[in-house]
Amino acid sequence: MVGLSEIVAADRRFAGRIRRTPVLHLDAPVSAPGRTTERLPELLLKAEHLQMLGSFKIRGAFNAIASLPEEVRARGVVTFSSGNHGKAVAHAAAVHGIKATVVMPDTAPDVKIDGVRALGATVELVTPERRDVHPYELAERTGAHMVHPFDSREVIAGQGTVGLELLQQVPALSAVLVPVSGGGLISGVAAAVKAQRPDVAVIGVEPELAADAAESLRSGERAVWPTEDVYRTRADGLRATSLGTLPWAHIRQLVDDIVTVSEDDISRAIHGLACHGKQLVEPSGAVAPAAFLCGRYVPPAGAGPVTAVVSGGNVDPALVASVLTAQF
């Protein structure tokens, strides 16, 4: 398990190199299934879509690369990503003056592929089924170090600084909603939060169409979903087919629950965040707020503030246009 000391060390390691993202207030209608629309207390947003490069991923990627011994780092790094982690690795590699190769699915949005290339990394496009296999072959062939997007102590510790900041910004926090894919973000946030405030509920949120983590938590066994199933969700950053081994250990011990949201919930959240909060977010970034805004997570009566981690803002313009012009 990643400890608080590792998260604090990560925070110090990239001090001044990333942003301390703000917590924003969102006063928006909440539509809960089976009841009329009503207003609940304001939802707070941990605005990681305003982080450098548009997502939280720079935290874990920078910590992982900065932690490498110089002789290992000099061989370069390789990773796989739907986009945001790839951008983060590309940036961190450029800062350290090393080569980075990012393996991406050929279904990734052009805005994310172009974003990785613009930061100087080499992009190799593969079929979704090959995304998690090809980078290991590259690492074996070239000697480059594999920077795993989520199954890594250093990455989890870096992502945990989100929770570290959040407790400082919202002392009365009662619950934090965190999107789940491979599990690195929720593992780090849970490790940081539960070490200091075990009373705070850590709630994971997944798309219904990629709900392997929710199934895992309920069954007690790490579930693996077929690639073609998880690629049905428009939340392209949350298409991991299973939790990482290390994140699964954290989730089993530290996460209170995992709820799911529909594709319509995600679209409604994107729309609501834009219209009520003036915040433009990608589908993956809208998943955690969607749980609150669409009534999939309802805080207990009298609970303190609830914060949703808005994980990213690198959105396809065509998708935004379709959602903002839709009727809800």
Side-chain angles (χ1 to χ4, degrees), residues 9-21 47-106 108-126 131-132 134-162 165 181-182 184-185 188 236-237 282 284-285 311-316:
D11 190 54
R12 291 172 178 163
R13 188 169 288 121
F14 51 55
R17 292 185 177 271
I18 69 163
R19 294 175 187 151
R20 179 185 173 91
T21 55
E48 286 296 298
H49 63 299
L50 302 180
Q51 182 55 265
M52 290 175 55
L53 309 177
S55 90
F56 73 95
K57 290 287 192 175
I58 187 59
R59 296 174 183 269
F62 193 94
N63 189 53
I65 291 176
S67 300
L68 291 174
E70 183 62 37
E71 63 274 15
V72 174
R73 201 160 54 217
R75 299 200 300 265
V77 294
V78 63
T79 193
F80 61 91
S81 172
S82 296
N84 288 339
H85 176 70
K87 288 178 66 176
V89 167
H91 173 77
V95 168
H96 289 89
I98 62 173
K99 176 181 172 58
T101 301
V102 180
V103 177
M104 301 181 69
D106 54 16
D110 288 342
V111 66
K112 292 189 174 182
I113 296 171
D114 294 343
V116 175
R117 285 177 172 151
L119 289 163
T122 298
V123 174
E124 296 201 10
L125 297 176
V126 297
R131 188 197 72 161
D132 299 4
H134 187 62
Y136 287 98
E137 297 172 351
L138 280 178
E140 178 69 23
R141 186 169 70 247
T142 65
H145 179 80
M146 177 70 180
V147 180
H148 199 283
F150 47 84
D151 213 351
S152 156
R153 294 190 73 88
E154 292 75 24
V155 168
I156 290 173
Q159 319 304 30
T161 59
V162 172
E165 290 178 10
S181 181
L185 176 59
D236 60 280
E282 63 186 272
S284 303
S311 56
N314 295 313
V315 65
D316 181 358

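Side-chain atoms are counted along with the backbone in the values below, which use heavy atoms only and exclude waters and symmetry mates. This is a predicted model, so every value here is computed, not measured.
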Nearest heavy atoms of [X] and [Y], plus distance in Å:
{"X": "L50", "Y": "T21", "answer": "C-CG2, 4.3 Å"}
{"X": "A108", "Y": "S82", "answer": "CB-O, 3.7 Å"}
{"X": "A157", "Y": "A10", "answer": "O-CB, 3.9 Å"}
{"X": "A100", "Y": "A93", "answer": "CB-CB, 3.6 Å"}
{"X": "L125", "Y": "P105", "answer": "CD2-O, 4.0 Å"}
{"X": "L119", "Y": "A94", "answer": "O-CB, 4.2 Å"}

Rounded to the nearest 0.5 Å, what's the gap from [atom1] on [X] to [atom2] on [Y]? Could you check?
{"X": "I156", "Y": "D151", "atom1": "CD1", "atom2": "CG", "result": "6.5 Å"}
{"X": "M104", "Y": "T79", "atom1": "CE", "atom2": "OG1", "result": "10.5 Å"}
{"X": "T101", "Y": "L138", "atom1": "OG1", "atom2": "CG", "result": "6.5 Å"}
{"X": "Q159", "Y": "K57", "atom1": "CD", "atom2": "NZ", "result": "6.0 Å"}
{"X": "N63", "Y": "R13", "atom1": "CG", "atom2": "CZ", "result": "5.0 Å"}
{"X": "I18", "Y": "E48", "atom1": "CD1", "atom2": "CD", "result": "7.0 Å"}

R20 atom CZ: more than 12 heavy-atom contacts under 6.0 Å: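 Counting other residues, nucleotides and ligands, CZ of R20 exceeds 12 neighbours.
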Is the number of heavy atoms from other residues, nucleotides or ligands within 6.0 Å of CD (E140) greater than 12?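 No.
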Salt-bridged, E282 to K112, with N to O below 4.0 Å?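 A salt bridge is present here (some side-chain N lies under 4.0 Å from a carboxylate O).
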Begin from the C-alpha positions of L68 and V77 and carry the test side-chain contact (heavy atoms from CB on, under 4.5 Å) through to its verdict. CA-CA 10 Å; L68 291 174; V77 294; 4.2 Å; yes
Please determine whether salt bridge (charged side-chain N to carboxylate O under 4.0 Å, His left out) holds for the pair E165 and R59, giving the CA-CA distance in whole Å, both sets of side-chain angles, and the decisive distance to 0.1 Å. CA-CA 12 Å; E165 290 178 10; R59 296 174 183 269; 3.0 Å; yes
Under the criterion side-chain contact (heavy atoms from CB on, under 4.5 Å), I'd like the reasoning laid out for S81 against K87: C-alpha separation, chi angles, the key distance, then a yes or no. CA-CA 9 Å; S81 172; K87 288 178 66 176; over 6 Å; no
Given the rule in the side-chain contact (heavy atoms from CB on, under 4.5 Å) test, do V89 and I65 qualify, once you have shown the distances and angles that lead to the verdict? CA-CA 8 Å; V89 167; I65 291 176; 4.2 Å; yes
What ring-ring contact (aromatic ring centres under 6.0 Å, His included) pairs are there with at least one residue in residues 68-100, not counting sequence neighbours?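 Passing the test, one end in residues 68-100: F62-H96, F80-H148.
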With side chains defined as the heavy atoms from C-beta onward, is the minimum distance between I58 and F14 less than 4.5 Å?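 In short, these two side chains do not touch, never coming nearer than 4.5 Å.
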